[in-house]
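Report on the following structure.
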Amino acid sequence: MSQRNIALHRLVVAAVNAREVPEAILAPDFCMENHASSVTDYTYHGVTGWRDWMNDIFEEFTTGARYEVEDIIAVGDEFVVATFCIVGRSARSGMPLEFRWVGVTWFRDGQATRAVGYSTRGEALAAAGIGESEARHGPAAQPGYQSVAALG
């Protein structure tokens with residue numbers, strides 16, 4: 001089950017980078033919350049909410065910003081905990097801009113049911129119900145994910 005969640009997670013990342021909503025893998029009651037940034041300090045619901053989140057977050061960047069998974073921290077039968085970032089240039093100043101956070105995505109029956117962004121690794125692990133000793137340390141070696149550190 002955890003490998004299935006990683007595969008679903010990979011599809012979500014690809015959809016965001018294509019600026020598409022991954023409708024097929026969002027549960028009807030899907031919700032997304034962000035506890036990590038005032039930029040999107042809101043709860044988003046369903047397909048429309050996903051689209052609103054993308055518009056809200058990417059309006060801060062010029063065209064070409066990338067949504068990346070830096071590390072898979074923990075994977076369970078019902079969740080994936082990962083560090084994320086969006087890297088690009090500020091739409092306002094043109095200067096380099098990066099948003100980083102730790103997120104938990106919960107899955108049920110092959111669909112994402114909930115996603116929450118946290119400011120710290122500890123908050124995300126606690127939300128997933130696991131301790132630091134159960135988490136990975138260091139970059140994930142998951143095919144299909146590219147560490148932004150490797151991008152230079």
Side-chain angles (χ1 to χ4, degrees), residues 2-27 30-47 49-76 78-91 95-108 111-130 132 134-152:
S2 60
Q3 288 303 314
R4 180 181 186 188
N5 291 344
I6 289 175
L8 292 170
H9 204 259
R10 190 175 294 119
L11 291 174
V12 167
V13 171
V16 172
N17 277 317
R19 305 302 188 264
E20 297 173 354
V21 177
E23 293 182 43
I25 60 172
L26 295 182
F30 175 80
C31 72
M32 181 186 310
E33 302 169 47
N34 192 344
H35 298 267
S37 165
S38 62
V39 173
T40 58
D41 188 13
Y42 183 76
T43 299
Y44 299 89
H45 298 275
V47 169
W50 187 284
R51 190 171 292 111
D52 291 344
W53 172 79
M54 282 195 309
N55 289 336
D56 288 349
I57 198 85
F58 283 107
E59 77 180 1
E60 300 297 322
F61 292 88
T62 60
T63 303
R66 295 289 302 165
Y67 177 74
E68 303 287 348
V69 173
E70 293 182 303
D71 190 16
I72 301 289
I73 297 170
V75 179
E78 298 176 355
F79 64 84
V80 173
V81 181
T83 56
F84 295 91
C85 70
I86 298 177
V87 178
R89 295 200 167 272
S90 169
M95 298 297 293
L97 180 63
E98 298 178 359
F99 289 162
R100 284 191 159 70
W101 69 96
V102 184
V104 183
T105 307
W106 285 270
F107 297 93
R108 181 184 63 239
Q111 292 188 305
T113 59
R114 183 174 179 222
V116 181
Y118 297 95
S119 297
T120 69
R121 176 183 172 106
E123 290 173 316
L125 291 172
I130 61 174
E132 188 65 44
E134 299 167 90
R136 290 186 77 270
H137 295 277
Q142 292 294 332
Y145 287 111
Q146 183 175 15
S147 168
V148 292
L151 297 175

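Along the sequence shown, residues are numbered consecutively beginning with 1.
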Euclidean distance, E70 CD relative to C85 SG, rounded to 0.5 Å | 4.0 Å
Side chain N5, main chain G76, donor-acceptor under 3.5 Å = yes
Show your working on side-chain contact (heavy atoms from CB on, under 4.5 Å) between V102 and T120 and close with a plain yes or no.
-> CA-CA 6 Å; V102 184; T120 69; 6.0 Å; no
Any sub-3.5 Å donor-acceptor pair from T105's side-chain atoms to V80's backbone N or O?
-> no
Side-chain donor/acceptor of E60 to backbone N/O of I57, under 3.5 Å | no
N55 and E59: CA distance, side-chain angles, deciding distance, side-chain contact (heavy atoms from CB on, under 4.5 Å) verdict | CA-CA 6 Å; N55 289 336; E59 77 180 1; 5.9 Å; no
Rounded to the nearest 0.5 Å, what's the gap from CG on L8 to CG on L26? Could you check?
-> 10.5 Å
CD of E132 to CZ of R121: how many Å apart, nearest 0.5 Å?
-> 4.0 Å
Determine yes or no for a side-chain-to-main-chain donor-acceptor pair under 3.5 angstrom, with D71 supplying the side chain and A82 the backbone.
-> no
Does the gap between the ring centers of W50 and F30 come in under 6.0 Å?
-> yes
Y44-D56 side chain donor-acceptor pair, cut-off 3.5 Å | yes
From CH2 (W53) to SG (C31), nearest 0.5 Å | 14.0 Å
Under 4.0 Å between a Lys/Arg side-chain N and an Asp/Glu carboxylate O for E98 and R100?
-> yes
When the ring planes of F99 and F61 are compared, do they come out parallel, tilted or perpendicular, using 30° and 60° as the limits?
-> perpendicular
Is it true that H9 and F84 have ring centroids separated by less than 6.0 Å?
-> yes
